Structures are given as C-alpha cells and as structure tokens.
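To keep things clear, I will list the structure first and then write my remarks on it.
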Amino acid sequence: MSAERSETQTYDPEAVERKWRQLWGERRTNATDVHGAPKPYYNLMMYPYPSAEGLHVGNVFAFVGADVHGRFRRLQGWDVFEPIGFDAFGIHSENYALKVNTHPAELIPANIARFREQMKRVGLMLDWDHAVSTTDPRYYKWTQWIFLKLYEAGLAVRKKAPVNWCPECKTVLANEQVINGMCERHLETAVELRFLEQWFFKITDFAERLLTNLEWLDWSDSTRMMQVNWIGRSEGADLVFETPTGTPITVFTTRPDTVFGATYMVLAPEHPLVDELTTGEQRQAVNDYRRQAGAMDLVSRRVGDKEKTGVFTGSYTRNPATGESVPIWIADYVLMEYGTGAIMAVPAHDERDLEFATKYDLEVRQVVKPDDPAEAGIGYTGWDGTAMNSGQFDGLPCAESVKAITKWLEEKKVGGVKVQYRLHDWCISRQRYWGPPIPIIYCDDCGTVPVPEGDLPVVLPPLEDFRPDESGVSPLARVKEWYQVPCPSCGKDAHRETDVSDTFLDSAWYFLRYPSTEFDDRPFDSVLTRKWLPVSSYIGGNEHAVLHLMYARFITMALHDLGHLDFEEPFTQFRAHGTIVKDGAKMSKSRGNVVIPDEYIAKWGADTFRMYLMFLGPYQEGGDFRDEGISGIRRFLDKAWALVTAATDGELGDGHGEAQRKLHQTIRGVGADLDELRYNTAISKLMEYVNVLRASGEAGTPAALIEPLVVMLAPLAPHFAEECWERLGHDTSVFGPTWPGYDEELAQEKTIELVVQVNGKVRGRLRVQAGLSQDAAIERALAEDSVQRFVEGKEVRKAIHVPDRLVNLVV
RNA sequence: GCCCGAGUGGUGGAAUGGCAGACACGCGGGACUCAAAAUCCCGUGCCGGUUAACGGCGUGUGGGUUCGACUCCCACCUCGGGCACCA
C-alpha cells in the first residue's frame with residue numbers, strides 16, 4: 001500500500017483526466033434523460049463551425065464558460081441538458097473545400113471528429129446523444145420544413161430586388177453579411193449591387209415585436225443595444241407630394257416639423273418614378289447619372305463622406321405645407337432601400353441636404369430657431385428650438401410643432417404618422433452548392449409549387465464540381481437529373497429551385513432540435529419542447545448579436561404565430577462573453593496568431609487550462625491571451641490536492657473557527673460570483689480559502705472543511721474534483737446536488753478592523769468586536785495615539801461612523 | 001458622426017460612495033540541496049526617510065458633488081466593439 005499510496009500523493013492531471021473521461025463515458029454521467037428530468041435546465045452554448053484547424057483558444061474559452069455555468073446549475077440540483085452540434089453547411093465550409101480541392105462532404109466528418117475529441121478532452125459536460133449536424137438530411141429535412149411553413153404563411157416571398165452580390169463568393173449576401181460594403185468573408189472584395197430574383201423572409205413584419213421584446217429579455221446590455229441599433233426604429237411621418245404627371249410621391253421624414261423648409265425633393269436614382277418625371281432636355285443627363293450610379297459598387301456609393309452628386313429631373317413638385325413649387329432632383333445619397341427612396345430636402349436642418357444645396361445653389365430656408373443663441377440657425381439639426389417661417393406654427397417649440405404640423409398635414413390628407421425601421425427583409429437565397437436546397441418546384445402551368453412535406457428532405461445531390469460560376473445561378477442547375485422533376489401538382493415537367501438557403505437559417509432553429517433528436521417524424525416534439533424550452537441560459541459571443549440571434553428570434557416568433565411553439569422568444573437569458581485576442585488583435589490564421597489549446601492541455605491538463613482561461617479576467621470582457629500565469633493555477637490545484645490527501649476525519653473544533661468562518665464566506669461569495677459569471681473572482685476566493693486552510697491546518701484539515709471546497713471547484717476543474725471527491729470516500733459522482741449551503745451566522749466576523757480617518761485620511765486602525773455602537777467607536781477612535789496626534793488641540797466638528805467599517809473625524 | 005464598453009502597480013486584474021492594489025504572475029531575499037529544479041517562508045504601488053518609525057503622492061485629463069470618489073455628475077483625451085449618406 002505504501003508504494004502505491006505515495007505514488008498517488010502527487011496530482012497527476014494526465015492520469016486523473018483520462019480516468020474520469022472514461023468513467024463519465026461508461027457511467028453516462030453527462031447524458032440527460034430528456035423525458036424524465038424533474039428540474040430541467042437547458043444550458044445552451046453556440047455550436048461551432050467545424051473548421052479544419054480545430055478548436056482554438058477562443059472556442060475553448062467560450063465553451064468552458066458555458067460549461068462552468070451548466071455544471072454549477074447541476075450541482076445546485078438542476079437537471080442540466082448541455083447539448084452541442086455542428087454548423088457545417090455554408091459558404092465558409094464550401095470555400096475551404098474549394099481551396100484544398102476536396103469535397104466538403106469528405107472534409108466535414110473528419111473535422112467534426114476532431115472537434116469531438118478536443119471537446120471531450122476539455123472536459124465539457126456535453127450530451128453527445130443529442131448532437132446534431134446541419135448537413136445531416138435528418139436535420140435539414142426540417143430546415144426545409146421551416147421554409148415551407150413560412151412560405152405557406154406568406155412570410156417567404158420571391159421578389160426581384162437589389163441584392164448584395166459578392167463577386168468572390170459568386171453569391172448573394174444578406175445585408176448583415178456586408179461589412180462596410182465588403183463581403184464579410186472577403187474583406188478585400190467589394191460587394192456589387194445586382195437585381196435578382198431572390199427568396200426573402202419577411203422579418204420586417206416582426207420589427208416592432210423584435211424591438212419591444214428586448215425590453216423584458218434578460219440579455220447582456222451590449223447585445224441588446226446592438227439589436228436595438230440594428231432594428232433602427234425611427235418615428236416620423238410619410239408626406240405626399242403632388243407631381244405634374246399626377247403620380248404622387250411619398251417621402252419619409254423624421255422631421256415633419258421642418259416641412260416649411262423643404263425647398264427641393266430628391267429621389268434615389270433607382271426610384272421607379274424617375275423616368276416618368278424626367279423632362280426632355282434633362283433626359284440625357286438623368287440617364288447618364290443613373291447609369292453611373294448603377295455601375296458604381298456599393299462601397300464607393302455608400303461612403304458617407306464622398307462629395308454629393310445629383311441631377312435635376314426637370315420636374316417640379318408642390319410643397320404640401322407652403323404650396324410652393326420645388327424642384328425634383330435625383331441623387332445617390334438617397335437610398336432606395338430605406339424609407340420610400342425619396343426625401344423632402346430641408347437643407348437648413350440636415351447636414352447632407354445642406355451640402356447638396358450649397359453645391360447646386362438651391363434655396364436654404366431656416367424654419368427652426370435654436371434655443372441656444374450660440375447655435376447657428378442654418379445647419380441646426382437638434383430638437384431644442386422653436387418653429388419659424390412656418391406660418392401659424394411659428395413660435396411653437398419643436399416638440400410641439402412636430403405634433404401640430406403632423407396633425408395638420410394629416411387633416412389635409414397629405415401626411416400621416418409613420419414608423420420606419422432600418423431592418424431589411426432577410427434574403428435567404430444562396431447561389432451556391434453547400435446548403436439545404438430550397439424546397440420549391442417551378443411549373444409552367446402551376447407556377448411556384450412547394451415540395452410536398454412528405455417528399456422532404458430534398459436531398460442535396462452529390463456533385464463533383466461544385467464550383468460556382470459567373471452565371472449567378474447555383475451549381476445545382478448543372479445537375480439535370482436532380483433539377484428536372486415532375487410537378488407535384490400536375491405531374492408535368494417542371495424544375496426545382498436551384499438556390500440553397502443561407503447558413504443562418506440552419507442555425508436559427510438548432511436549439512429547437514436538440515431535445516428531440518430521437519424523432520424523425522417531427523422537427524421538435526411538443527412535449528419535450530414544452531419541457532425544455534425556452535432555453536434557460538444561452539452564452540455566446542457578440543459577433544452573433546445581430547445575425548444569428550436576430551434570425552433565431554424571428555424564426556421562433558414566426559413558428560409561435562403559426563401555432564408550432566407556445567413561446568415567442570427562444571432565449572430568455574443571454575450572456576455575451578468577451579473575446580480572447582492575441583497581442584491585441586483578433587485571432588486569425590492570416591495574422592498567424594491563432595493559439596491552439598491542445599499543447600497547453602497536454603502540458604498542464606484540461607482542468608488547469610480551464611481554470612486559467614476563467615482566471616484571465618472578467619468572462620464577459622475577454623482579453624489578451626498570454627500564458628504567464630498558468631503555473632499559478634497549477635500550484636493552486638497542487639495545494640488543494642495536498643489538502644485533500646491529508647484530510648482527517650476529525651470533528652470541527654474551536655481551533656477551526658476562523659477556517660469555518662472563511663468557508664461560509666467563501667460559499668456565499670463563490671455562489672454569487674458563479675451566478676453572475678464572475679469566474680475570475682470566484683477563483684480568487686477559492687484561492688483565499690485554500691490559503692487560510694493551509695495557514696491553520698498543521699496536521700491535516702478535517703474533511704468537513706475540504707469537501708465543500710472540492711464541490712466549489714467542480715464546475716471549474718471537473719476531473720480534479722471527481723477524483724478528490726472519490727478520495728474523500730464518495731462512491732457517487734460529485735455532480736449531484738452537492739452544492740453546499742452557507743450559514744450567515746457562521747460567516748459573520750466576530751471582530752473587525754475599524755479604520756479611523758481624520759479629515760478623510762487614514763490615521764489608525766483598531767481591532768474591535770463587531771457591532772460596536774457609534775459612541776463607543778468614536779470614543780475608541782479618539783483614544784488612539786496615532787489619531788490623537790492629528791486631533792490634538794483641534795475641535796472635532798463632525799464624526800461620521802459607518803458601523804463595523806470606519807470612523808471619520810472632521811476637525 | 002452616432003450608440004455601447006474600458007482606461008488602476010513591472011503584468012493580468014480586485015474593490016454595495018468608506019482601508020485603493022484582493023487573488024495571481026513576475027521580481028528580490030531567505031530555507032532545503034553538493035548543486036539545480038520543485039517546494040516552503042519573508043518582502044514587493046511610487047517618492048522621501050536609515051533597510052526604521054513616520055510623512056507625502058497615487059486609479060487617463062480637467063472641473064464638480066460629498067465628511068469621504070476608482071466608484072456619482074459635467075467636459076475632454078485614448079483604446080476596443082457595433083452602426084454609419086437610415087432622411
């Protein structure tokens with residue numbers, strides 16, 4: 001025994017972790033009985049794209065933080081369901097496959113296998129029985145089903161629209177995938193504007209609900225704010241302007257109070273009425289300008305500080321407030337995608353209009369007088385002012401004139417209150433190969449026919465050469481035998497939709513699938529869904545704040561309205577974690593600063609690495625990865641190990657008062673910290689506790705003081721805790737409802753250090769018993785020599801007493 | 001330009017308006033060792049002072065509120081993130 005015993009005296013992470021990985025597998029410790037589970041807790045983390053490079057430190061950081069949360073909840077007695085999956089469809093996978101000249105269908109399984117091994121090695125409490133892959137026909141059958149449900153409800157529509165075309169990806173991108181006019185995947189490639197037939201999901205129908213629900217969702221503020229900005233709600237009015245051809249033009253404005261200052265009108269170059277309004281002598285100039293604007297890529301077009309350009313159409317409209325005739329121009333600073341594609345220009349109170357009016361010598365008429373006399377009247381865009389040059393409304397403060405003028409225009413039937421959103425409909429068509437085919441068939445006689453539900457999935461056909469081409473048509477159009485089908489409705493020759501759907505559709509519902517993976521005849525079982533959803537806790541990165549999280553909310557809301565779900569928000573609690581950067585920059589392969597976790601885990605063990613990542617800084621802030629302090633965590637675990645191996649069965653005695661007090665304080669503090677994802681401070685509290693135990697326990701510490709420590713360590717260092725728990729004599733997993741309670745009474749300090757300040761400066765500290773009265777505290781303070789030196793000969797004018805904290809004497 | 005977040009020792013960071021710098025890294029000194037590593041103990045914000053007692057200064061900058069400000073308010077600077085010709 002002695003030989004074996006001494007061998008096990010030192011902490012060997014490699015052996016401990018191997019042992020528990022195996023035992024967890026054998027005992028199915030991490031599998032959840034989704035049907036039983038009396039206290040369900042759905043702990044969701046963002047499933048990864050299984051890249052060829054494997055997990056990097058950023059992924060591990062994200063997963064471990066979520067895993068710590070799930071394990072903590074489990075220790076508190078919840079039945080935690082912690083599933084994972086793989087987001088394996090999409091342009092990212094496809095482009096990589098093209099680059100290495102291998103089919104994605106071959107690459108993906110290998111990548112997933114690698115991810116699986118890495119995730120197991122990290123010690124995540126994942127339930128692999130419920131894993132999903134979006135490329136599995138058993139999964140994307142239901143992605144297609146969701147498309148059909150939205151189609152039936154009129155929420156999926158096909159329309160010709162100006163879309164973002166990436167010449168590199170050779171496909172259409174959603175607005176959310178365009179970064180500063182560049183493709184999010186090819187930051188060097190400018191996105192072009194093309195007019196194509198595309199499938200859209202009408203997310204804008206839900207804009208108001210997507211916005212107002214944010215008020216009650218328990219989400220990280222940063223994420224919430226990003227969604228608010230993205231939805232971009234503006235209140236204002238639609239105003240109708242008459243034109244000489246008789247077709248009225250509607251403009252949207254957030255400042256109807258400035259209508260008296262609208263001295264001209266501007267249409268977007270693509271506005272449908274431009275042709276009709278262009279007069280003979282202006283025809284040439286207008287056509288030239290439109291051609292020029294159309295050819296321009298969206299980058300140069302969208303840059304805000306570019307010089308304003310435009311052309312007069314030759315026509316005039318009538319200002320509905322003044323009745324005056326004002327010229328109609330076209331200019332590319334007016335965007336067809338927002339509002340009505342037409343504006344009333346109020347150069348006196350809009351920077352862009354002023355710049356334009358100055359350049360083309362158009363009238364500038366001030367209609368708001370700023371309250372602050374220091375402000376220039378022309379160019380004032382604020383609300384703190386009063387109306388002027390505005391007829392009967394002169395003298396009204398803006399806040400009132402805006403209401404009065406809107407009402408007046410409404411009565412004249414030339415305007416009405418209007419709420420405008422910046423959010424656009426979601427273009428889901430992709431002219432690519434690696435995605436779920438959109439389940440639609442086109443028939444010359446029957447038109448657009450949805451694939452019957454019973455025919456799902458529309459399986460993605462194998463295709464050797466899946467390279468996209470310039471045609472703007474998906475490579476699937478080259479697979480004749482797949483593409484040509486009989487019409488489901490009339491049986492005549494018809495053909496399939498060849499576009500596949502956006503990857504973000506795959507990820508917009510994956511959390512609905514996890515509990516129900518056993519079923520192939522339904523996307524999500526109603527009983528299981530009611531039991532597990534909405535998700536209890538979702539932890540992920542803010543890089544998905546407006547893409548994935550918005551789409552997932554939209555799909556959930558739509559399915560709710562269609563009667564498939566009884567909740568409309570999927571994630572009641574969402575927490576954004578920070579980003580791990582390296583040398584101040586995001587990790588990326590091109591920068592060559594990607595940190596691979598494997599070598600750290602091999603060297604230090606998963607538990608040390610997990611804890612180290614969590615100790616790095618506040619979890620919700622992230623930070624720069626460096627490995628300088630990792631040995632500190634290992635030293636800490638070694639010390640904890642030594643305490644466990646030397647634990648005694650002895651009762652707690654008087655000599656353990658301080659340790660016991662510290663224990664109860666630690667349980668209280670660590671619990672509160674873990675609740676708030678403050679992992680770094682939770683760990684420091686555990687370190688303090690270990691330091692106290694080491695200072696007090698000469699000849700072994702009673703197990704009663706060590707067991708709670710092991711439990712508190714379990715979320716962070718799960719293998720380590722299991723091993724310690726077993727060594728302390730338990731034959732069941734520590735991952736039961738083992739979280740210790742604390743006694744407020746026992747956590748209370750008996751004596752405290754009272755700080756004495758004179759005029760706010762610390763002049764003395766004295767140890768006194770807790771709960772000292774104000775008078776007694778001040779008396780004791782004045783009795784101190786170090787204090788007397790500063791008070792002597794002066795009158796104490798005021799004495800502030802903060803119980804059990806300080807006394808401040810003002811002299 | 002607009003909207004978030006952050007600026008604290010040599011480093012990462014900690015602090016319900018109440019002892020700034022917990023915890024850890026690093027560094028200095030010591031113990032153990034033939035020696036080194038590991039481990040253990042002590043010290044470690046800056047300046048002055050004798051290595052002391054003690055004193056002064058100190059949380060991006062400048063003001064303010066307060067008995068008392070890293071914390072609250074105003075203005076600004078820098079960095080990170082998001083949005084951006086959105087009418």
Side-chain angles (χ1 to χ4, degrees), chain A residues 10 179-181 220-230 232-234 236 251-255 258 262 266 301-306 308 331-335 337-346 349-353 355-356 381 420-424 542-543 545-546 576 578-579 581 584-586 612 615-618 620-633 635-636 638-639 642 678 680-688 690-691 694 753-765 786 789 797-811:
Chain A
T10 45
I179 317 277
N180 286 331
S220 290
D221 274 343
S222 54
T223 317
R224 219 200 329 241
M225 289 316 299
M226 284 163 82
Q227 293 223 336
V228 169
N229 288 339
W230 194 259
R233 184 182 197 273
S234 293
V251 303
F252 172 72
T253 177
T254 53
R255 294 301 298 264
T258 63
V266 188
R301 167 110 183 236
R302 285 254 171 86
V303 170
D305 48 11
K306 166 178 83 98
K308 302 271 176 293
D332 65 4
Y333 80 90
V334 173
L335 309 171
E337 310 91 84
Y338 184 77
T340 60
I343 63 155
M344 66 172 200
V346 185
H349 306 293
D350 182 283
E351 279 174 42
R352 297 151 301 179
D353 295 345
E355 191 191 330
F356 192 79
T381 56
Q420 187 67 46
Y421 301 92
R422 228 192 43 185
L423 185 71
H424 288 67
N542 257 343
E543 68 270 20
V546 285
T579 321
V581 297
K586 260 185 195 164
Y612 178 63
F615 190 57
L616 220 47
Q620 316 221 26
E621 284 170 35
D624 213 30
F625 182 83
R626 62 205 181 276
D627 51 18
E628 277 104 39
I630 193 163
S631 57
I633 295 290
R635 284 205 268 263
F636 164 72
D638 282 337
K639 290 173 193 172
R678 291 190 302 251
N680 56 331
T681 52
I683 293 169
S684 73
K685 287 181 175 78
L686 292 168
M687 288 174 166
E688 284 185 47
V690 163
N691 290 343
R694 278 159 51 80
E753 194 175 58
L754 189 70
V755 171
V756 184
Q757 298 181 334
V758 179
N759 289 342
K761 292 204 180 206
V762 180
R763 298 301 181 186
R765 305 146 201 274
S786 58
R789 300 211 332 251
R797 287 185 294 143
K798 200 171 177 182
I800 284 99
H801 175 239
V802 183
D804 288 348
R805 278 190 184 271
L806 63 62
V807 168
N808 188 13
L809 303 167
V810 186
V811 295

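Heavy atoms only: backbone and side chains are in, while hydrogens, waters and symmetry mates are out. These numbers come from a predicted model, not from an experiment. Letters A, B, ... mirror the listed sequences (proteins, then strands); counts begin at 1.
Separating the C1' atom of rG7(B) from that of rC76(B) is a span of 14 Å, rounded to the nearest Å. Between the P atoms of rG18(B) and rG68(B), the separation comes to 15 Å (whole Å). Nucleotides rC74(B) and rA69(B), compared at atom C1', are 15 Å apart to the nearest Å. For the P atoms, the distance linking rG56(B) with rC23(B) amounts to 26 Å, nearest Å. Nucleotides rC42(B) and rA6(B) place their P atoms 36 Å apart, quoted to the nearest Å. Using atom P as the reference point in both rU71(B) and rU59(B), the two lie 9 Å apart (nearest Å). Comparing the P positions of rC79(B) and rC27(B) gives an interatomic distance of 32 Å, to the nearest angstrom. If you take atom P in rC41(B) and the same atom in rA52(B), they sit 23 Å apart, rounded to whole Å.
I800(A) CD1 to Q757(A) CD: the interatomic distance, rounded to the nearest 0.5 Å, is 9.0 Å. Note: D353(A) CG to T381(A) OG1 = 11.5 Å, rounded to the nearest 0.5 Å.
Rounded to whole Å, atom C1' of rG80(B) lies 17 Å from atom CD of Q620(A). For M226(A) and rG82(B), the CE to P distance is 7 Å, given to the nearest whole Å. Rounded to whole Å, the distance from OH on Y612(A) to C1' on rG12(B) is 7 Å. Distance, R233(A) CZ to rA87(B) P: 13 Å, rounded to whole Å.
Annotated stems with RNA chain B as a participant read B:1-7 with B:77-83, B:10-12 with B:23-25, B:26-31 with B:39-44, B:45-48 with B:54-57, B:60-64 with B:72-76, given as range with range, by first number; only runs of 3 or more Watson-Crick or G-U pairs under 3.5 Å qualify.
Annotation: salt bridge (Lys or Arg N to Asp or Glu O under 4.0 Å) contacts of R224(A) (sequence neighbours excluded): D221(A). Checked against side-chain hydrogen bond (donor to acceptor under 3.5 Å, both in side chains), D638(A) has the following partners two or more places apart in sequence or in another chain: R634(A). Here R678(A) pairs with D673(A) under the salt bridge (Lys or Arg N to Asp or Glu O under 4.0 Å) rule; sequence neighbours left out.
Counting only heavy atoms from C-beta on, M225(A) has its side chain closest to rC3(B) among rA87(B), rC3(B), rC41(B). Side-chain proximity of S222(A) to rC4(B), rA84(B), rC85(B): nearest is rC4(B). Among rG56(B), rC83(B), rC23(B), the nucleotide with an atom closest to any side-chain atom of W230(A) is rC83(B). Between rG82(B), rA84(B), rG26(B), one nucleotide has an atom nearer to the side chain of R635(A) than all others, and that is rG26(B). Distance from the side chain of K586(A) is smallest for rG82(B) among the nucleotides rG82(B), rG55(B), rA87(B). Distance from the side chain of N229(A) is smallest to rC3(B) among rC3(B), rG56(B), rC85(B).
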**Study point:** Trace of the side chain to side chain contact (heavy atoms under 4.5 Å, CB included) decision for L616(A) with R626(A)
**Key:** CA-CA 9 Å; L616(A) 220 47; R626(A) 62 205 181 276; 4.0 Å; yes
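Closest heavy-atom contact between A576(A) and T223(A): CB-OG1, 3.5 Å. Closest heavy-atom contact between S222(A) and N542(A): OG-ND2, 3.0 Å. Across all their heavy atoms, T340(A) and V251(A) have their closest contact at OG1-CA, 3.4 Å. What you find for Q620(A) and S220(A) is that their closest heavy atoms are OE1-OG, 3.8 Å. Residues L686(A) and F636(A) approach most closely at O-CE1, 3.7 Å, considering heavy atoms.
The 5' end of RNA chain B is approached more closely, in terms of each residue's nearest nucleotide, by K798(A) than by the other of K798(A) and A342(A). Residues K761(A) and V810(A) each lie close to RNA chain B; by heavy-atom proximity, the contact nearer the 5' end of the strand is made by K761(A).
More than 12 non-hydrogen atoms from other residues, nucleotides or ligands lie less than 6.0 angstrom from CD of E543(A).
In this structure, R797(A) reaches neither bases nor backbone, as no heavy-atom distance under 4.0 Å exists between it and the strands shown. Among the protein residues, E351(A) comes within range of no part of the nucleic acid, since none of its heavy atoms lies under 4.0 Å from any strand. Here D638(A) lies out of heavy-atom contact (under 4.0 Å) with every strand.
Figure legend: cation-pi geometry between K308(A) and F356(A) absent, as NZ or CZ is not positioned both under 6.0 Å from the six-membered ring centre and within 45° of its axis.
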Revision key, fill the gap. Letter by letter from the 5' end, nucleotides 13-18 of chain B scores (B base, S sugar-phosphate only, - none; protein heavy atoms under 4.0 Å) SS-B-B
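Formation of a donor-acceptor pair under 3.5 Å by the H424(A) side chain with backbone atoms of E337(A) is found in this model.
Taking 90° from 0 as the syn/anti boundary, the base of rG7(B) is oriented anti.
For N542(A) and rC4(B), the shortest distance from a side-chain N or O to OP1 or OP2 is not below 4.0 Å.
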Please produce a list of atom pairs where a protein N or O lies less than 3.5 Å from an N or O of nucleotides 43-48 of chain B.
none

